[in-house]
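Worksheet: one structure, shown below.
These numbers were taken from a predicted model, which means no experiment stands behind them. When reading the values below, keep in mind they use all heavy atoms of this one structure, side chains included, and skip hydrogens, waters and symmetry mates.
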Amino acid sequence: MLYHELKGDYLREARRQEKIIFDIEQSDDGDVVVSVERLKSGEWSNIKVLGLSENKDFWINKDVARYFGKRSVAFDYSD
């Protein structure tokens, strides 16, 4: 745990999550697809993208969409 803290992994993950939330909030579209950069080989992460799925009909996606006043929310990995 200390290793990842010193390496900046937690801060990087927090910023990644903040960007996803910001993108959802700021989208003018009712159907939001957030582009998420795929982790590089060997890159550490202990957080799945806020529990979101690429499937807009997944129950967490539906709840997130409802919370932000959107019709749907999903993510798409960008390479």
How would you list, by chain and number, every residue that makes a side-chain contact (heavy atoms from CB on, under 4.5 Å) with Ser35, sequence neighbours excluded?
Ser78
To the nearest 0.5 Å, atom CZ of Phe75 lies from atom CG of Asn55 at 10.5 Å
Working to the nearest 0.5 Å, report the span between CZ of Arg12 and CD of Gln17.
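Result: 10.5 Å between the selected atoms.
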Side chains of residues 19-29: which donor-acceptor pairs under 3.5 Å do they make with residues two or more places apart or in other chains?
residue	atom	partner	partner atom	Å
Lys19	NZ	Asp23	OD2	2.6
Ser27	OG	Asp29	N	3.1

Restricting to non-hydrogen atoms, name the atom on Val64 and the atom on Leu52 that form the minimum distance, rounded to 0.1 Å.
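Heavy-atom minimum between the residues: CG2-CD2, 3.9 Å.
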Which atom pair, heavy atoms only, marks the closest approach of Gly51 to Phe58?
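The answer is O-CE2, 3.5 Å.
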Go through Glu54 and Val33 one step at a time and tell me if the side-chain contact (heavy atoms from CB on, under 4.5 Å) criterion holds.
CA-CA 9 Å; Glu54 293 171 284; Val33 178; over 6 Å; no
Suppose we screen for salt bridge (Lys or Arg N to Asp or Glu O under 4.0 Å). Which residues come up paired with Arg71, at least two apart in sequence or across chains?
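For Arg71 the salt bridge (Lys or Arg N to Asp or Glu O under 4.0 Å) partners, ignoring immediate neighbours, are Asp31.
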With sequence neighbours left out, what residues match Lys62 under salt bridge (Lys or Arg N to Asp or Glu O under 4.0 Å)?
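Partners of Lys62 by the salt bridge (Lys or Arg N to Asp or Glu O under 4.0 Å) criterion come out as none, since no residue qualifies.
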Using the side chain to side chain donor-acceptor pair (under 3.5 Å) criterion, which residues pair with Arg15? Sequence neighbours excluded.
none
